[in-house]
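Every chain is numbered from 1 and lettered A, B, ... according to where its sequence line falls, protein lines coming before strand lines.
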There are 2 protein chains.
Amino acid sequence: MTDLLPPIQTTARDDAVLKALAGFVRQEGLGPGEKLPTERILAERLKVSRNTVREALTRWEGLGLVERRQGSGTYLKAAVSPDMLHMPLTLAGGNDFAGLMATLEIRRALEAEAAALCAIRAGKAELAEIERKLDVMEEAFQTRAGMSSEEDWEFHQAIFRASGNPLFEQIIAAMYEMFHRFWEHPLGVRDFGHASFPYHRTIFNCIAARDPEGARAEALKLIATVEDDLKRGAANLKLSDRR
Amino acid sequence: MTDLLPPIQTTARDDAVLKALAGFVRQEGLGPGEKLPTERILAERLKVSRNTVREALTRWEGLGLVERRQGSGTYLKAAVSPDMLHMPLTLAGGNDFAGLMATLEIRRALEAEAAALCAIRAGKAELAEIERKLDVMEEAFQTRAGMSSEEDWEFHQAIFRASGNPLFEQIIAAMYEMFHRFWEHPLGVRDFGHASFPYHRTIFNCIAARDPEGARAEALKLIATVEDDLKRGAANLKLSDRR
DNA sequence: AATGGTTCAATGGTCCAACCAATTTCCGCA
DNA sequence: TGCGGAAATTGGTTGGACCATTGAACCATT
């Protein structure tokens, strides 16, 4: 006998509030940036205490769905729908080098799969878009004699978007901040990112040739070079700390 | 000029409460499963209202760090530290078949990478743990003449855990609910999961042999069979709908 | 001795009413 | 018309009260 007989759910006021609120947002067609009703109004309409409303909104705020501005109101920060799946990721000691490597491993996993899917699914328009981003990136590389994080990022984003699965882009976007905190301070590695440059073109070639496994392999190589760069940077940093 | 000059924080009571609480947990050496002080005690010690304490704990609860049980107390669900990095991720939709396939693609990406990392990093103890789960799963398979979702899941979880990167397990854990909603209702495919069975052993063999790329390849094959099963199930379902 | 019922204190969940602090609105004055 | 300050609005905090659930201790029946 396994666990049939799941624990029953008796009270879940604030959860109900969130569901109702999500329904309201959908019905009103509210989008990011728009203001939702006052806490006091919500409390009155839903026939619950303002306190309960606040607990519910606090959860949404913690999840980054909503922003509260004292004296002004509560504003949507993202699209909400009644059937959302929440996936809070927490990285203990997320400010250190190990945390960056952890996110990079996730990125490698997603980048490889997205490239493979992209090789299968990307339409003509999407393919052209990716190549355009690639050209811009290569142009920037030549001009400034080095990797440019912004253009590089846009290239990868285009691949994620063309994978046909929005989850890739969403997960990576959640980690964007982490990547770029280090990206902007390349740990003393002067030619940071140089090694990864050629793989952008090879990945695109595989995608254009409809070669999923090739694309996957090239993406893996690309992230490997970034990882190497970072490790080298960390070693340098440790060295200069000792100085 | 970018966004240096972050907005100053005049009032951030509940944030301060969380920081203080995280410090307390560290100082006391509290781990997952252990009980936190009462809300009333926290309020008194921190010289804030109980309501403020509750707002703070609500945030942690929303982030899955803590579990509150009425009448019992508040318990840690994960390790917390003062310097945590939160990456809350909410996925829109996902209750339909397309959503399931989307999450499955994420799972394939992570499963492949985790298996590869595991082949590199898993220690002796972790290797033994994985094999134990595998034995249990195979035992269940023989006895009940079919895949058992619980034991299967534990096997995969052990691999994620041994990957040395906590993010893998966190992401997958968040999707667990989604997978199992369908797993329990195998869409009419009677021998659902049968096809994936042998790959569990081959994955383990590659990991034990310290063959990352082999493990990655086997993991990809495993998910591919699950995908096929699901697609077959969906086709059956559509067929029976027409009936 | 074991099982089941009762009581009771502890604890999270909810409510209320008031006040504080930041923001926005608006009105009167120059 | 433009501007400065009062007033209304809105989220943030407080304190106190009561409800609902839990779990332990105790008691009664078998």
Side-chain angles (χ1 to χ4, degrees), chain A residues 5-22 24-25 28 30 32-78 80, chain B residues 5-22 24-25 28 30 32-78 80:
Chain A
L5 287 185
I8 63 175
Q9 208 70 4
T10 67
T11 56
R13 278 284 228 283
D14 51 357
D15 223 354
V17 167
L18 284 187
K19 211 157 58 176
L21 195 50
F24 172 81
V25 168
E28 296 290 304
L30 296 182
E34 298 198 74
K35 186 172 162 184
L36 34 89
T38 303
E39 294 181 353
R40 289 172 173 86
I41 292 182
L42 287 175
E44 185 191 0
R45 294 289 187 84
L46 297 171
K47 293 297 179 202
V48 296
S49 155
R50 189 180 152 217
N51 236 324
T52 305
V53 172
R54 281 186 60 77
E55 295 243 338
L57 287 178
T58 298
R59 279 233 291 275
W60 269 12
E61 189 185 29
L63 261 41
L65 295 177
V66 113
E67 178 181 354
R68 307 209 286 204
R69 287 205 283 270
Q70 184 172 168
S72 177
T74 304
Y75 301 84
L76 280 176
K77 269 177 72 178
V80 305
Chain B
L5 284 187
I8 64 172
Q9 218 66 359
T10 76
T11 56
R13 280 278 227 279
D14 51 355
D15 224 355
V17 168
L18 284 186
K19 210 156 58 176
L21 195 50
F24 172 80
V25 169
E28 296 290 304
L30 295 183
E34 298 199 72
K35 190 171 161 185
L36 274 70
T38 303
E39 294 180 352
R40 290 171 173 87
I41 293 182
L42 285 175
E44 185 193 1
R45 294 287 186 85
L46 297 170
K47 294 295 179 204
V48 296
S49 156
R50 187 180 152 216
N51 248 327
T52 306
V53 171
R54 281 187 61 77
E55 295 247 336
L57 286 178
T58 298
R59 278 233 290 277
W60 268 13
E61 189 185 30
L63 262 41
L65 296 177
V66 114
E67 179 181 353
R68 292 164 21 162
R69 287 206 283 270
Q70 185 174 165
S72 177
T74 304
Y75 301 83
L76 279 177
K77 268 177 72 178
V80 306

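Distance from the side chain of B:T52 is smallest to D:dT13 among D:dG12, D:dT13, C:dG13. Counting only heavy atoms from C-beta on, B:R50 has its side chain closest to C:dG12 among D:dG15, C:dG12, D:dG11.
Mapping A:R69 and B:I41 onto DNA chain C by nearest heavy atom places B:I41 at the nucleotide closer to the 5' end.
Contact annotation: B:S49 side-chain N/O to D:dG15 OP1/OP2 distance is not under 4.0 Å. Distances shorter than 4.0 Å separate none of the side-chain N or O atoms of B:R54 from OP1 or OP2 on C:dG12. The phosphate of D:dT10 (OP1 or OP2) has no side-chain N or O of A:S72 nearer than 4.0 angstrom. Considering only side-chain N and O atoms, B:T74 lies nowhere under 4.0 angstrom from the phosphate OP1 or OP2 of C:dT11.
In this model, a donor atom of one side chain and an acceptor atom of the other lie less than 3.5 Å apart for A:T58 and A:R68.
Side-chain to base pairing of B:N51 with D:dG15: one donor and one acceptor N or O lie within less than 3.5 Å of each other. Side-chain to base pairing of A:R40 with D:dG11: one donor and one acceptor N or O lie within less than 3.5 Å of each other.
In this structure the side chain of B:D15 reaches within 4.5 angstrom of the side chain of B:R59, judged on heavy atoms.
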| request: Would you check, one step at a time, whether the test side-chain contact (heavy atoms from CB on, under 4.5 Å) holds for B:Y75 with B:E34? | output: CA-CA 5 Å; B:Y75 301 83; B:E34 298 199 72; over 6 Å; no

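Screening A:E44, A:R40, A:E55 for a side-chain contact (heavy atoms from CB on, under 4.5 Å) involving A:R50 leaves a single residue, A:R40.
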